[in-house]
There are 2 protein chains.
Amino acid sequence: MAEKDGDRAAGTPRAGIRRALRLPDRPPLRPPSIKDIARLAHVSHPTVSRALQNSPLVNAETAARIRKIAADQGYRASAVARGLVTRRTRTVGLVVTTVNDPFAGEVTCGIEEIASDRGYAVFLANSHADPARERRVVQELAERRVDGMVVTSSRVGTLYLPLLKELDVPIVLVNDQYPGEFVHSVMIANLEGARAATEHLIGLGHRRIAYIGDRGGYQSDTERLAGYREALSQAGIRFAPELAVEGNGLPSGAIEAMSKLLQSGDPPTAVCCYNDMTALGAMQAIRARGLRVPKDVSVTGFDDLFFAAYLTPPLTTVRQPMRRMGQIAMENLFKLMSGEESMAQIKVQAELIVRESTARAPKREGRHG
Amino acid sequence: MAEKDGDRAAGTPRAGIRRALRLPDRPPLRPPSIKDIARLAHVSHPTVSRALQNSPLVNAETAARIRKIAADQGYRASAVARGLVTRRTRTVGLVVTTVNDPFAGEVTCGIEEIASDRGYAVFLANSHADPARERRVVQELAERRVDGMVVTSSRVGTLYLPLLKELDVPIVLVNDQYPGEFVHSVMIANLEGARAATEHLIGLGHRRIAYIGDRGGYQSDTERLAGYREALSQAGIRFAPELAVEGNGLPSGAIEAMSKLLQSGDPPTAVCCYNDMTALGAMQAIRARGLRVPKDVSVTGFDDLFFAAYLTPPLTTVRQPMRRMGQIAMENLFKLMSGEESMAQIKVQAELIVRESTARAPKREGRHG
DNA sequence: AGGGCTGCCGTACACGTGTGCACTTTGGGG
DNA sequence: CCCCAAAGTGCACACGTGTACGGCAGCCCT
């Protein structure tokens, strides 16, 4: 039956079409299939399928022989064919803002770890914090028939309720920025974390404490600001609106914000930053002004990114167990994928890490009561 | 007509049924297929297939009607079924050491960007710099039938020659650590970069310059060390073996290495670090010793990670266009996937970025000629 | 001797999409 | 009036794997 493979040679006419459609043309060279192995082993292909799955339905020595042949031929089962028939691809989608963001990197790491342990592969997609793009990549992942999805720092939020019904794919959000009621999520205790940082500053004698946030409106910024205000209020310190300013979650925004704060007539002696990136910028702006950290101004961050311990001075910050959060999200997704109803909202504790960027408030000329 | 869509609305009751029947697996709830659309449009499924591909073979208004129905039904073509028949999954695999490494994160970003633009999805896998694990994940990606692969900082190297033949999948390596002849790769100009950094230090009057490397044996470390030695030699400075020490590519290893260097009788006045992470540790160790950067000791890094500009002092380093390198690797992979033979080895220029962690050598008591 | 059971294997589907080919219809030209 | 081309559509496959079911030995029991 040599004429059977005849159809494999006919690549050229099709190649023209493919090139017209700008589809890159791979060699139609077929990797060995289950049928090839079956032919070599003089059995039918279902027997091969069963043998490779260690099914008890096939004779032990036959199975061993088949496996031997398969190994010799370098056979690797096609996950795509299997996915088509089993309706499960053993694949999950992960949407992050951008992978080069250290926070996303850590979360991704935790997710990949758990997924890989269970034999799942992960599709990575960037949303660039753009809601439209986020929607698009989620759709594309759905076309890939992922078994589940994790979305970090989602800018879409409640939009997932209808989408979730439509896609019929379990989704877990990590630190979503517009939290809704009925979606599964794992979030850091923003309020408690920021409160702890602020209380720490207050405990060091600071009274004039600034807050540099993210772009307004996002959940984590809102909650951290609330924690900051709660600490102030509990210590009987009046909230000064001019001290709570907006950044952009990056050093650049913090430099601008901090510079303005320092130019004011009554500058803060401490600043509670939205995250470590913001703290990075704040510290640079402080030094650019000729002031010292923490002698003149104390600084706190949030996240405890890897570099925080290596700054000068090492940064006091609120640790977010980012990698662990990724793991938790993935473990949760596995539960959902296996049909178990798991906890809808998981809140992870934040931990204040005191290093050397915070110190007692400088003795001031008591301008303020 | 209206009763037709009745079955789709019943989302929750079906979930209940599923639970009642104790079907833990995925809802057998089938997403709409091409055949469902065909039935609704009163055409055959090939016609639907063609309509959705904008094939000229199908009548324009029929096509429009079909597309309308498909959109209404929330139809999303199954990439896995399509992949099975077309033999191309429009998917690439990316293997990195760990994603939370800033270098890998940047490269990943560049790759995702280009891939996504062309409608390709990327599988992410960590090798944890473990050769055995690297081999395993490559095999698993092959089972997923990826159209191509990118592997960063490969620890397997020449092993890819047989693997490449066996898998029959185009592979591009980024900064592979055991470069072979016949594999495609994009690499940074390690030697030239390190030489530029060292020459910069020599130009500032330093004569006693240390080098803190990675764990020995890896290509990038070997080449950077060679660049360092080349610069010394050209300046007529004798290479001092006790000044070229091993780190581990992380702050931890650098702290240990730098501390020892400083304890020696004749400590260096400058140190050329394997990468920015190493520089981070070196700077910390220098300060722990009560010395100042750059007054007492100058420090250079390699990579120009995002935090380099925000350190105190801002780090002089060799910029590696990491993201661009990811893009180049991916563009190259696309060429290979479309059958074009592209350049085998691509070398990317490195750029010295002078900041404030390097300064003129301190006046010394001329112990050395 | 016949019936049933067990172990092992093959047959015949199914999954959802793409595509070569044959077929029908229409219109135009001879 | 017939033939042929062109346009549009359906039929029948194929892709590689999984699985329900039926069949065929061999054995035990009646």
Side-chain angles (χ1 to χ4, degrees), chain A residues 4-18 21 23 26 28-39 41-66 70 73 75-90 142-145, chain B residues 25-26 28-39 41-66 70 73 75-90 142-145:
Chain A
K4 256 300 177 186
D5 344 359
D7 52 0
R8 293 200 30 234
T12 34
R14 199 151 8 188
I17 295 172
R18 263 185 276 143
L21 295 176
L23 287 176
R26 269 280 287 297
L29 204 118
R30 195 170 49 80
S33 86
I34 216 177
K35 292 182 186 173
D36 300 322
I37 308 301
R39 202 177 311 121
H42 304 292
V43 294
S44 68
H45 76 266
T47 301
V48 175
S49 173
R50 285 188 269 254
L52 297 178
Q53 295 178 71
N54 295 322
S55 161
L57 290 173
V58 43
N59 180 287
E61 37 191 313
T62 318
R65 186 167 54 88
I66 292 173
Q73 296 292 316
Y75 170 77
R76 269 176 302 276
S78 162
V80 3
R82 180 181 294 146
L84 181 58
V85 50
T86 63
R87 286 264 195 44
R88 344 190 76 259
T89 54
R90 296 184 77 79
E143 287 195 3
R144 304 273 178 182
R145 296 297 188 262
Chain B
D25 305 77
R26 270 288 285 292
L29 202 123
R30 200 169 45 78
S33 87
I34 216 175
K35 291 183 188 173
D36 299 324
I37 308 302
R39 201 177 312 120
H42 304 290
V43 293
S44 67
H45 74 268
T47 301
V48 176
S49 172
R50 287 188 265 254
L52 297 178
Q53 293 176 73
N54 295 320
S55 161
L57 290 174
V58 41
N59 182 288
E61 36 192 314
T62 318
R65 186 167 52 87
I66 292 173
Q73 297 292 317
Y75 170 79
R76 268 176 303 276
S78 163
V80 5
R82 178 181 297 146
L84 182 58
V85 50
T86 62
R87 287 261 193 46
R88 349 193 68 260
T89 53
R90 297 184 79 80
E143 287 194 4
R144 304 275 178 181
R145 296 296 187 264

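Throughout, a chain's letter reflects where its sequence line sits, starting with A, and its residues are numbered from 1.
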For DNA chain D, determine which residues of residues 51-62 of chain A have any heavy atom closer than 4.0 angstrom to one of its atoms, and list them numerically. A:Gln53
NA contact type, B:Val48, heavy-atom cut-off 4.0 Å: base, sugar-phosphate, or nothing? nothing
Categorize B:Val80 for me: base, sugar-phosphate, or nothing, with a 4.0 angstrom heavy-atom threshold over every strand shown. nothing
Starting at CD1 of A:Ile37, measure out to OG1 of A:Thr47 and round the result to the nearest 0.5 Å. 13.5 Å
How long is the straight-line distance from CD of B:Gln53 back to CZ of B:Arg82, given to the nearest 0.5 Å?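 Taking CZ in B:Arg82 and CD in B:Gln53, the distance rounds to 7.0 Å.
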From C-beta outward on [X], which listed nucleotide comes closest to its side chain: [options]?
X	options	result
A:Ser44	C:dG20, C:dT11, D:dT17	C:dT11
B:Val85	C:dG16, D:dA20, D:dG18	C:dG16
B:Arg50	D:dC11, D:dT19, C:dG18	D:dC11
B:Ser78	D:dC21, C:dT17, D:dT17	C:dT17

Whole angstrom is fine here: how far is it from NZ in B:Lys35 over to P in C:dG16? 7 Å
Quickly work out the A:Ile34 CD1 to D:dC15 P distance and round it to whole Å. 14 Å
Could you check if a side-chain atom of B:Arg87 sits within less than 4.5 angstrom of a side-chain atom of B:Arg145, using non-hydrogen atoms only?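 Answer no - side chains too far apart.
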Report yes if some heavy atom in the side chain of A:Arg144 is under 4.5 Å from a heavy atom in the side chain of A:Thr89; otherwise report no.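 Side chain of A:Arg144 against side chain of A:Thr89, heavy atoms only: no contact under 4.5 Å found.
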Is there a side-chain polar atom (N or O) of [X] under 4.0 Å from OP1 or OP2 of [N]?
X	N	value
B:Ser49	C:dT17	no
B:Thr47	D:dG10	yes
A:Ser33	D:dG16	no

Using heavy atoms to find the nearest nucleotide of DNA chain D for B:Ala63 and A:Ala81 separately, return the residue whose nucleotide is more 5′.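 Closer to the 5' end of DNA chain D: B:Ala63.
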Take B:Leu84 and B:His45, find for each the nucleotide of DNA chain D with the closest heavy atom, and name the residue whose nucleotide sits nearer the 5' end.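 Nearer the 5' end of the strand: B:His45.
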I'd like to know whether B:Val48 forms a side-chain contact (heavy atoms from CB on, under 4.5 Å) with B:Tyr75, so could you lay out the CA-CA distance, the side-chain angles of the two residues, the decisive distance to 0.1 Å, and finally the verdict. CA-CA 11 Å; B:Val48 176; B:Tyr75 170 79; 5.9 Å; no
When you measure only distances, ignoring hydrogens and angles, does the side chain of B:Arg87 come within 3.5 Å of the base of C:dG18 through a donor and an acceptor?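 No such pair is found, so the answer is no.
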Tell me the bend of the helix from C:dA1-D:dT30 to C:dG30-D:dC1 as the angle between end helix axes, each from five pairs, rounded to the nearest 10 degrees.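 So the angle between the two local helix axes works out to 70°.
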Return the minimal non-hydrogen interatomic distance between [X] and [Y], and the atom names on each side.
X	Y	value
A:Ile66	A:Ala41	CG1-CB, 4.1 Å
B:Ala63	B:Ala51	CA-CB, 3.9 Å
A:Ser44	A:Ala38	C-CB, 3.7 Å

Residues that A:Arg39 engages under side-chain hydrogen bond (donor to acceptor under 3.5 Å, both in side chains), provided they are two or more places apart: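 Checked A:Arg39 against side-chain hydrogen bond (donor to acceptor under 3.5 Å, both in side chains); matches are A:Asp36.
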